[in-house]
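A short write-up of the structure that comes next.
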Amino acid sequence: MSKKHYNYVIVGDEDFPPEVSAMLNAAAEEAERGYSLEFLEKCRSGRPLEIGATPARHKIQIRLDDARLLRLDDYAHRHDMSRSEAVRTLLDKALAEGSSQDSGSGPSDDSSDE
């Protein structure tokens with residue numbers, strides 16, 4: 001039975017379906033036995049440091065208007081990828097296209113940025 005305690009709700013095994021309770025108990029028993037250093041090193045928190053086989057050391061931020069953000073999200077959804085994956089994919093496509101059509105002129109942009 002759940003009890004209110006300060007800002008926390010204390011729950012017990014009876015508050016979960018049997019399969020969830022069994023899974024939680026198994027995970028707790030495994031944690032109590034301890035983990036190897038090899039396992040713990042694999043379980044780093046945070047974003048991945050690599051994208052594929054390439055180290056991802058650089059972070060950039062850009063501003064998008066509502067229309068571009070909607071188009072980006074639509075592209076990401078249609079291709080079953082995250083926003084970041086979509087930006088990398090579209091950037092790779094544009095850069096590959098640009099290098100094959102290198103005309104020497106600067107990039108064109110239909111809006112002014114800042």
Side-chain angles (χ1 to χ4, degrees):
M1 180 170 164
S2 299
K3 292 189 278 182
K4 192 88 168 161
H5 181 72
Y6 297 101
N7 291 330
Y8 304 97
V9 175
I10 300 173
V11 296
D13 283 343
E14 66 276 0
D15 294 309
F16 297 100
E19 62 277 2
V20 173
S21 183
M23 180 187 68
L24 291 172
N25 284 321
E29 288 170 9
E30 181 183 11
E32 287 173 359
R33 284 192 302 271
Y35 299 109
S36 69
L37 287 176
E38 182 180 296
F39 175 81
L40 293 173
E41 286 174 354
K42 286 182 186 178
C43 296
R44 293 195 327 226
S45 62
R47 302 217 180 241
L49 297 177
E50 293 183 351
I51 299 168
T54 308
R57 295 186 182 113
H58 308 284
K59 175 183 170 183
I60 63 168
Q61 294 179 319
I62 61 169
R63 295 182 186 273
L64 297 177
D65 55 52
D66 291 342
R68 281 192 174 103
L69 183 62
L70 285 172
R71 290 174 59 201
L72 175 62
D73 286 344
D74 180 58
Y75 180 92
H77 180 72
R78 284 185 288 118
H79 292 88
D80 192 31
M81 54 178 62
S82 69
R83 266 187 195 165
S84 293
E85 291 171 311
V87 168
R88 285 189 292 270
T89 298
L90 293 166
L91 181 61
D92 288 344
K93 286 181 181 181
L95 293 172
E97 189 177 290
S99 65
S100 65
Q101 298 177 352
D102 204 349
S103 63
S105 63
S108 64
D109 187 4
D110 59 356
S111 69
S112 61
D113 192 18
E114 299 178 328

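Predicted model only: the values in this text are computed from it and were never measured.
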Exercise. Enter the distance from Arg83:CZ to Tyr75:OH here, rounded to the nearest 0.5 Å.
Key: 15.5 Å

Quiz item: For Lys93 and Glu97, what are the C-alpha separation, side-chain angles and deciding distance, and is it a side chain to side chain contact (heavy atoms under 4.5 Å, CB included)?
Solution: CA-CA 6 Å; Lys93 286 181 181 181; Glu97 189 177 290; over 6 Å; no

Practice problem: May I ask you to test the Asp74-Arg78 pair for a side-chain heavy-atom distance under 4.5 Å? | Solution: yes

Quiz item: Would a hydrophobic clustering, with Ile, Leu, Val, Met, Phe, Trp and Tyr connected at side-chain separations under 4.5 Å, put Leu69 with Ile62?
Solution: yes

Self-check item: Cluster link Leu64 to Leu90, ILVMFWY, side chain under 4.5 Å
Solution: yes

Quiz item: Between Ala86 and Ala76, what is the shortest heavy-atom contact and its length?
Solution: CB-CB, 3.8 Å

Quiz item: Taking atom NE2 of His77 and atom CG of Leu70, what is their separation to the nearest 0.5 Å?
Solution: 13.0 Å

Self-check item: Set of side chain to side chain contact (heavy atoms under 4.5 Å, CB included) partners for Pro17, sequence neighbours left out
Solution: Glu19, Val20

Quiz item: Is there a donor-acceptor contact under 3.5 Å from the side chain of Asn25 to the main chain of Ser21?
Solution: yes

Practice problem: Could you please spell out the steps behind the salt bridge (charged side-chain N to carboxylate O under 4.0 Å, His left out) verdict for Arg88 and Asp92? | Solution: CA-CA 6 Å; Arg88 285 189 292 270; Asp92 288 344; over 6 Å; no

Quiz prompt | Trace of the side chain to side chain contact (heavy atoms under 4.5 Å, CB included) decision for Leu72 with Arg68 | solution = CA-CA 6 Å; Leu72 175 62; Arg68 281 192 174 103; over 6 Å; no

Quiz item: Do other residues, nucleotides or ligands put more than 12 heavy atoms under 6.0 Å from His79 NE2?
Solution: yes

